Amino acid sequence: MSGAAELVALERISVHFALGGGGLLGGRRRVLRAAQDVSFSIAEGETLALVGESGSGKSTLGNVVAGLQVPTAGRMRFRGKEMDRPTWKAARRAIQIVFQDPFSALDPRMPVSDIIAEPLRIQGSAGRVARQERAAELVQQVGLPRDALNRYPHEFSGGQRQRIAIARALAPAPALIVADEPLSALDVSIQSQILNLMKDLQEQHRLSYLFISHDLAVVNHLVDRVAVLYLGRLVEVAPRADLFATPSHPYTQALLDSVPRIGVRRRHRTIRGEMPSPLNPPPGCVFHPRCPKAQEICRVEPPQLASAPGRTTQLAACHFKD
Ligand code: SF4
């Protein structure tokens, strides 16, 4: 997406949650560092994947981008403007979110027409007739039958419910959709249909996506760039083709080793052990307890995100990046 204008940028975003302490039982106050010093940007029309294991902080960062989580530190820009209260009002329409579980994300008491039109009603940006017309237009765009408008969520399959959730996200004509694991609750046969729908909608509406996933195999079909998270830190950011062909960070290499790929032999060791608790991250490089390449410096000095040798667009946070 070189040359496309920046749509959203996060600069050194951290999200910390204070746990315990105070109250009748007292106890030690602890800090859960869900995200630490994370910076990335998304261009107009671009799809960026945020990838990592459960607990890596990817949904927390998705919520920051969607305005559902206030960061503890850092700044965010939207179309070049610092996000303050008035900017957020405009951005709220332009940034929508689709959640993992389409069933719990849809109000079971509302007909589909009202569900899809709800963002417009909340924003007060259209009258009832205009809202219903927009809902009718969107059910067709996402491949649902027209009679879906008067039916209720329980009458649909998982894939159809995710189509309803996508139609609702499209209602205010957003520039960016945060898609938080939108496929992981669906059957494999349905996943590719939803992926294709998302691709088609991107072309029709010049949408950008922040596509959150634990599955590198899935992101290979949709995204322009990939950002890999580990324990709330960004460990690698690269164009998709580069990341898949020549992963630079040992964690990315291990993640890719767990993805079966035609014609690619396993080159690296698979990842060992469990991810440490974000309540007690290891010193130095947070990946060092699991890293097959760890040296003494890794235990004391946190590596900075920097370009890999000879690759200006591929950044990795590792003292010994490939
Ligand atoms: Fe492994 Fe050291 Fe690189 Fe961390 S900095 S990923 S421990 S080699």
Side-chain angles (χ1 to χ4, degrees), residues 10-16 31-41 48-61 73-74 212-220 223 225-261 264-322:
L10 272 64
E11 273 182 30
R12 305 201 66 183
I13 293 286
S14 294
V15 182
H16 297 172
V31 177
L32 188 150
R33 290 176 170 78
Q36 190 68 39
D37 274 338
V38 175
S39 304
F40 61 78
S41 63
L48 175 74
L50 209 47
V51 171
E53 291 169 276
S54 171
S56 61
K58 51 193 190 306
S59 290
T60 301
L61 286 162
I212 295 170
S213 179
H214 66 280
D215 187 347
L216 269 171
V218 165
V219 309
N220 195 12
V223 312
R225 282 187 306 138
V226 183
V228 182
L229 275 174
Y230 182 78
L231 209 61
R233 277 83 167 164
L234 216 48
V235 297
E236 183 156 2
V237 186
R240 177 185 53 82
D242 295 346
L243 185 122
F244 276 82
T246 54
S248 182
H249 193 281
Y251 179 60
T252 316
Q253 292 165 357
L255 279 184
L256 278 172
D257 274 352
S258 61
V259 178
R261 285 175 293 159
V264 177
R265 278 205 270 142
R266 295 169 89 92
R267 290 168 296 177
H268 308 286
R269 290 164 59 174
T270 48
I271 194 161
R272 65 186 183 208
E274 298 283 316
M275 189 188 296
S277 166
L279 284 165
N280 189 22
C285 172
V286 290
F287 187 55
H288 85 252
R290 303 173 79 186
C291 181
K293 293 170 75 178
Q295 309 283 323
E296 196 45 45
I297 185 176
C298 306
R299 293 173 180 71
V300 286
E301 198 171 307
Q304 302 301 313
L305 202 64
S307 53
R311 301 181 214 165
T312 49
T313 54
Q314 187 165 2
L315 309 178
C318 174
H319 295 303
F320 305 101
K321 53 177 99 49
D322 284 344

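In this chain, residues are counted from 1 in sequence order. Just so we're clear, the structure is a prediction, and the values are computed from it rather than from any experiment. Both counts, for ligands and for their atoms, begin at 1 and track the order of listing.
No donor-acceptor distance shorter than 3.5 angstrom exists from the side chain of K293 to the backbone of P250, with no hydrogens or angles considered.
Looking at residues two or more places apart in sequence or on another chain, you find a side-chain contact (heavy atoms from CB on, under 4.5 Å) between S41 and E6, A9, R225. Residues passing the salt bridge (Lys or Arg N to Asp or Glu O under 4.0 Å) test with R12 are D37, sequence neighbours excluded.
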Q) Going through the checks in order, is the side-chain hydrogen bond (donor to acceptor under 3.5 Å, both in side chains) test met by Q36 and H16? A) CA-CA 8 Å; Q36 190 68 39; H16 297 172; 2.7 Å; yes

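Taking 2.8 Å as the limit, the number of protein N, O or S atoms around atom 4 (Fe) of ligand 1 is 1.
Taking CD of E53 as the start and CE of M275 as the end, the distance is 4.0 Å to the nearest 0.5 Å.
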Can you list, pair by pair, the side-chain donor-acceptor contacts under 3.5 Å of residues 227-241, counting residues two or more places apart and other chains?
| from | atom 1 | to | atom 2 | distance (Å) |
| --- | --- | --- | --- | --- |
| Y230 | OH | R290 | NH1 | 3.2 |
| R233 | NH1 | L231 | O | 2.9 |
| E236 | OE1 | S248 | N | 3.3 |
| E236 | OE1 | H249 | N | 2.8 |
| E236 | OE1 | T252 | OG1 | 2.8 |
| E236 | OE2 | S248 | N | 3.0 |
| E236 | OE2 | Q314 | NE2 | 2.8 |
| R240 | NE | V223 | O | 2.9 |
| R240 | NH1 | N220 | OD1 | 3.1 |

